[in-house]
Protein chains: 2
Amino acid sequence: MTDVPDIVVSRLPVYLRALQYMVINGKSTTSSQELGEKVGISAAQIRKDLSQFGEFGKQGTGYNIPFLIDSLLQILKVEKVWDVVLVGMGELGHAILRYQGFVNRGFNIVACYDSDPLKIGTKINNYSILDVKDLVKDAKKAEIKMAMLCVPASSAQKVTDLLVEGGVLAILNYAPLSLAVPTYVRVQYIDPVIGLQRMAYYLNK
Amino acid sequence: MTDVPDIVVSRLPVYLRALQYMVINGKSTTSSQELGEKVGISAAQIRKDLSQFGEFGKQGTGYNIPFLIDSLLQILKVEKVWDVVLVGMGELGHAILRYQGFVNRGFNIVACYDSDPLKIGTKINNYSILDVKDLVKDAKKAEIKMAMLCVPASSAQKVTDLLVEGGVLAILNYAPLSLAVPTYVRVQYIDPVIGLQRMAYYLNK
DNA sequence: TAGATTGTTAATCGATTAACAATC
DNA sequence: TAGATTGTTAATCGATTAACAATC
């Protein structure tokens with residue numbers, strides 16, 4: 001289990017999501033072949049990926065889905081729920097807060113922040129919008145490790161620096177720019193336009 | 001220009017975004033070194049990527065930013081605006097419709113659809129919510145090539161099939177599951193939980 | 001037992017990096 | 001001219017695939 005490539009790690013949540021979907025549909029067993037077809041990845045790749053972490057299947061019969069799900073939850077460390085803070089309560093921040101499809105997948109928003117005095121103190125969905133000035137202090141105190149960043153591009157780096165100062169180690173960044181962080185901090189980027197532009201390349205004008 | 005690897009294509013929008021940000025900050029020239037630091041990619045990689053499409057720099061002085069931006073817009077085919085349809089007007093669909101940071105990056109939402117009779121016909125931001133029953137017909141007629149999919153997981157595959165039938169070739173999928181599409185159709189996935197789970201792997205419990 | 005499917009090894013394939021001549 | 005930086009080549013590195021013995 002020494003130093004699994006990140007590209008392998010990046011596929012595990014996709015496997016997990018497909019397996020959980022299978023359970024909902026009443027399946028209890030699958031094969032690397034079948035799972036591969038669902039997620040668009042080769043069967044050999046799936047077996048190779050899983051083999052990084054142990055042996056989860058049986059020759060001849062494949063994988064017990066609940067067992068594999070449980071194993072993946074453990075590997076990804078999402079068998080319990082992580083506390084996450086949300087920074088930036090614009091249109092997008094609001095939508096994320098109201099969405100709440102996170103908890104049963106391992107994450108719970110515990111607080112939300114903004115810098116706008118008109119927003120601070122107002123309530124959304126049982127959350128009081130807090131002052132970003134308290135972010136560092138609060139994050140340290142509650143030992144928050146994860147954050148979602150929904151502020152405008154113009155203040156994203158500044159807020160990122162605060163998150164890092166507060167001890168946050170993983171940032172889901174919705175602001176449309178690349179962030180500078182220390183090597184020990186992870187960032188995942190969500191910019192729908194990047195995806196659209198990437199696909200536009202393949203279209204004919 | 002024969003068959004550029006998709007991994008190269010996937011980085012171009014990131015370069016573009018960083019370059020456009022530089023322009024806003026009044027810069028007119030950059031180097032592969034400087035751009036690389038901004039986006040967290042090696043200088044050699046950037047030069048190699050760009051070399052797939054031509055020569056855009058000058059030895060000794062680097063790249064003229066407006067020229068490189070223009071070149072990337074052409075390469076990615078986003079120098080004009082693509083019409084996009086939005087399907088699924090729940091919480092998320094609403095937020096996307098209200099957001100509208102798409103147009104100046106190459107995309108414009110031209111219509112939105114839902115299947116809920118209570119929603120069909122209502123207005124949001126000058127958009128009338130249309131009946132998903134008309135999706136195939138409308139998409140064909142308007143020659144829509146791109147769609148954003150914000151329906152629940154349970155109906156995502158069904159709606160995807162409609163999009164494909166309507167001639168859509170690129171789908172930005174917000175539903176938390178893998179979609180089955182013909183090989184000539186592209187899908188980009190946006191599931192924040194996948195990003196969070198991927199980062200959770202590296203955290204200590 | 002026969003068929004199915006795993007986990008793993010070796011081979012192949014592709015992507016990244018280092019280095020440098022060319023040249024602005 | 002000297003310094004800087006490109007575009008490109010070759011070397012390195014890493015990821016994917018094919019194949020198969022093991023075994024349920």
Side-chain angles (χ1 to χ4, degrees), chain A residues 1-16 18-19 22 27-72 74-75 178 183 198 201, chain B residues 1-15 18-19 22 27-72 75 178 183 198 201:
Chain A
M1 213 191 269
T2 54
D3 211 30
V4 174
D6 182 60
I7 191 143
V8 172
V9 175
S10 78
R11 285 188 290 258
L12 300 183
V14 178
Y15 302 160
L16 175 60
L19 291 163
M22 287 179 184
K27 286 186 65 75
S28 61
T29 294
T30 191
S31 64
S32 57
Q33 174 75 36
E34 184 183 52
L35 178 58
E37 281 163 16
K38 295 284 185 207
V39 299
I41 291 175
S42 79
Q45 177 99 87
I46 289 173
R47 294 201 301 278
K48 190 99 205 292
D49 286 352
L50 295 178
S51 75
Q52 299 269 3
F53 303 96
E55 307 192 354
F56 306 101
K58 272 207 184 66
Q59 285 102 326
T61 57
Y63 301 91
N64 176 281
I65 295 177
F67 174 71
L68 186 50
I69 286 175
D70 211 61
S71 303
L72 287 171
Q74 298 274 341
I75 291 166
S178 299
T183 49
R198 182 176 171 181
Y201 172 82
Chain B
M1 211 191 270
T2 52
D3 210 28
V4 175
D6 182 60
I7 191 142
V8 172
V9 175
S10 78
R11 284 188 292 256
L12 300 183
V14 179
Y15 301 161
L19 291 162
M22 286 179 185
K27 286 186 64 75
S28 62
T29 295
T30 191
S31 64
S32 58
Q33 174 75 37
E34 184 183 52
L35 179 57
E37 280 164 16
K38 295 285 185 207
V39 300
I41 290 175
S42 78
Q45 178 99 87
I46 289 173
R47 294 201 302 279
K48 189 98 205 292
D49 286 351
L50 296 177
S51 76
Q52 298 270 3
F53 304 96
E55 306 190 355
F56 305 100
K58 272 204 184 65
Q59 285 101 327
T61 58
Y63 300 90
N64 175 281
I65 295 177
F67 174 72
L68 186 51
I69 287 175
D70 211 61
S71 303
L72 287 171
I75 291 166
S178 299
T183 50
R198 183 176 169 182
Y201 172 82

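Bear in mind that the values here come from a model prediction, so they are computed numbers and not experimental data. Lettering of chains follows the sequences in order, A, B, ..., and the numbering in each one begins at 1.
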Margin query: With a 4.0 Å limit, can you tell me whether A:Arg11 has a side-chain N or O closer than that to the phosphate oxygens OP1/OP2 of D:dA15?
Written below: no
Notebook entry, point to check: Are OP1 or OP2 of C:dT17 and a side-chain N or O of B:Ser42 less than 4.0 angstrom apart?
Noted result: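 So the side chain of B:Ser42 is within the cut-off, an N or O lying under 4.0 Å from OP1 or OP2 of C:dT17.
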Between atom [atom1] in [X] and atom [atom2] in [N], what is the gap in whole Å?
X	N	atom1	atom2	result
A:Ile46	D:dT16	CD1	P	12 Å
B:Ile7	D:dC13	CD1	C1'	14 Å
A:Asp49	D:dT17	CG	C1'	12 Å
A:Asp6	D:dG14	CG	P	14 Å
A:Phe56	C:dT6	CZ	P	13 Å
A:Asn64	C:dT5	CG	C1'	15 Å
B:Gln52	C:dT16	CD	C1'	13 Å
A:Lys48	D:dA15	NZ	C1'	8 Å

Kindly indicate whether the side chain of [X], heavy atoms from C-beta on, has any atom under 4.5 Å from the side chain of [Y].
X	Y	result
B:Ser10	A:Arg198	yes
B:Leu72	B:Phe56	no
B:Asp6	B:Val9	yes
B:Tyr63	B:Leu19	no
B:Leu35	B:Ser32	no

Next item on the list: Could you tell me which nucleotide pairs with D:dG14 by Watson-Crick or G-U wobble geometry, both distances under 3.5 Å, or answer none if nothing does?
Entry: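 Answer to the pairing question: C:dC13, which forms a Watson-Crick or G-U pair with D:dG14.
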Item checked: Any strand: nucleotide that pairs with C:dA21 via Watson-Crick or wobble, under 3.5 Å ->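 Pairing partner: D:dT6.
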Rounded to the nearest 0.5 Å, how far does [atom2] of [Y] lie from [atom1] of [X]?
X	Y	atom1	atom2	answer
A:Thr29	A:Met22	OG1	CE	10.5 Å
B:Ile75	B:Asp70	CD1	CG	10.0 Å
A:Ile46	A:Arg11	CD1	CZ	9.0 Å

Next item on the list: Tell me which of A:Gln45 and B:Ala43 sits closer to the 5' end of DNA chain D, going by the nucleotide each one is nearest to.
Entry: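 Checking each residue's closest nucleotide, the 5'-ward one belongs to B:Ala43.
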Margin query: Please verify the inter-ring angle class for B:Tyr201 with A:Phe53; under 30° counts as parallel, over 60° as perpendicular, anything in between as tilted.
Written below: perpendicular
Item checked: Those residues of residues 30-40 of chain A lying under 4.0 Å from DNA chain D by at least one heavy atom ->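 Result for residues 30-40 of chain A: none.
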Margin query: As a test of reading the structure: which of C:dT17, D:dT17, D:dT6 is closest to the side chain of B:Tyr63, going by heavy atoms?
Written below: D:dT6
Item checked: Per-nucleotide protein contact string for nucleotides 19-24 of chain D, where B marks a base within reach and S marks sugar-phosphate only (heavy atoms under 4.0 Å, - for neither) -> B--BBB
